[in-house]
Amino acid sequence: MPDVETAALPLVSLPATEDCDADGKRVRRRRKYLFTTQIDQRIREIYLSHPDAKTRPGIRQLAEQVGIPHWALKKRARELGLARTKEKPWSEPELAILARYAWMSDERIRLKLKAAGYARTVTAVHLKLKRMRFKCDPSFYSGKGLAQALGIDSHVVTRWIKSGHLKAQFRGTARGEQQGGDTYLIREKDVRRFILEHPTEIDLRKVDQLWFLDLITNGFVRSA
């Protein structure tokens, strides 16, 4: 991978522009920046080489090289789908709207939320509905919920757990053998680890596509 800090790049910043408002006063407009294919590639290299880093010194060094503010480079990274925007927690009124209109399409639910004063993307609506359906609580999947998400029989998930390939824990219920026994709780990080370590066990034709991408990329598609 090229050395982002030392590679030479052309200076592409544009001068700030001044304009006049309706009263004839001069107004300083925020300058616009030109992002070349070369700069986009440098941004990708910085983010992909440190995918989980909270700060990336390479961005500030790149900013000095090309004459573009670091905030503009970070904004460009979001546009390229490299930087995650933290998803705002869902409020109780939003969840109530989801529950009430769950039978509608994702787009119509988004419009219902918008009419109520809440801004959510279609992807965010889709994924939240899936999480509500597949997860037994915000932190865990049930064996049955995970099976639904992957489009497989729940017995397959049980087999993965008993073989030691998929880490899980019992929920701690008082269900007896005649009731099917205790249920499993599976953390999202353990589901992700299992998929990465045993990719041939997953039939991509059967999984919920958006949910799967969100899981594997650890949330990169949530703000799409």
Side-chain angles (χ1 to χ4, degrees), residues 1-19 27-91 94 106-107 109-110 113-114 117-131 138-139 149 187-193 195-197 199 202 204 207-224:
M1 183 175 293
D3 186 348
V4 181
E5 289 76 16
T6 59
L9 286 171
L11 188 67
V12 295
S13 60
L14 302 179
T17 60
E18 291 188 349
D19 205 346
V27 179
R28 190 177 182 84
R29 305 290 184 187
R30 173 176 286 189
R31 67 177 65 178
K32 296 182 179 180
Y33 300 97
L34 174 65
F35 292 95
T36 65
T37 301
Q38 190 178 10
I39 293 176
D40 284 349
Q41 181 59 31
R42 289 291 192 272
I43 295 174
R44 288 191 181 93
E45 290 168 358
I46 292 171
Y47 274 82
L48 295 178
S49 61
H50 302 89
D52 298 319
K54 292 184 178 180
T55 58
R56 297 176 177 85
I59 284 294
R60 288 190 177 275
Q61 293 173 8
L62 179 60
E64 294 176 0
Q65 283 184 292
V66 300
I68 297 178
H70 71 278
W71 60 261
L73 294 176
K74 291 179 179 178
K75 180 180 179 182
R76 180 59 175 170
R78 291 194 295 272
E79 293 172 353
L80 294 172
L82 298 169
R84 282 180 288 170
T85 301
K86 187 175 182 180
E87 186 179 23
K88 186 179 178 181
W90 287 73
S91 65
E94 286 179 293
D106 297 338
E107 172 60 18
I109 294 175
R110 183 191 71 80
L113 287 166
K114 183 178 180 181
Y118 302 106
R120 296 287 179 178
T121 66
V122 172
T123 302
V125 170
H126 180 89
L127 290 172
K128 187 60 179 178
L129 285 171
K130 290 301 180 183
R131 294 188 200 110
S139 303
R187 292 187 182 277
E188 188 166 86
K189 66 178 183 179
D190 293 319
V191 177
R192 187 182 303 110
R193 181 184 298 113
I195 292 173
L196 294 176
E197 293 178 352
I202 308 302
L204 296 178
V207 302
D208 180 272
Q209 299 294 321
L210 269 178
W211 167 82
F212 187 78
L213 285 173
D214 183 67
L215 173 73
I216 292 301
T217 62
N218 200 17
F220 270 79
V221 302
R222 290 176 191 171
S223 58

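Since this is a predicted model, take the numbers as computed values, not measurements. The analysis underlying the following values was restricted to heavy atoms, covering all of them including side chains, and did not include hydrogens, waters or symmetry mates.
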To the closest 0.5 Å, what do you measure between [atom1] ([X]) and [atom2] ([Y])?
X	Y	atom1	atom2	answer
I195	D190	CD1	CG	11.5 Å
I216	W211	CD1	CH2	7.5 Å
L62	I46	CG	CD1	4.5 Å
H126	R110	NE2	CZ	15.5 Å
R42	R76	CZ	CZ	15.5 Å
L127	D208	CG	CG	8.0 Å

Next item on the list: Would you confirm whether R60, through its side chain, and H70, through its main-chain N or O, come within 3.5 Å as a donor-acceptor pair?
Entry: no

Grab the two heavy atoms, one from [X] and one from [Y], that are nearest each other, plus how far apart they are.
X	Y	value
S91	Y118	OG-CE2, 3.9 Å
A72	F35	O-CZ, 3.7 Å
R192	L215	NE-O, 2.7 Å
P69	A63	C-CB, 4.1 Å
I39	I68	CD1-CD1, 4.4 Å

Next item on the list: Given side chain to side chain contact (heavy atoms under 4.5 Å, CB included), test L129 with I109 step by step and report yes or no.
Entry: CA-CA 10 Å; L129 285 171; I109 294 175; 3.7 Å; yes

Note to self: Quick one, I202 with F212, criterion side chain to side chain contact (heavy atoms under 4.5 Å, CB included). Give me CA distance, side-chain angles, the key distance, then yes/no.
What the structure shows: CA-CA 10 Å; I202 308 302; F212 187 78; 4.0 Å; yes

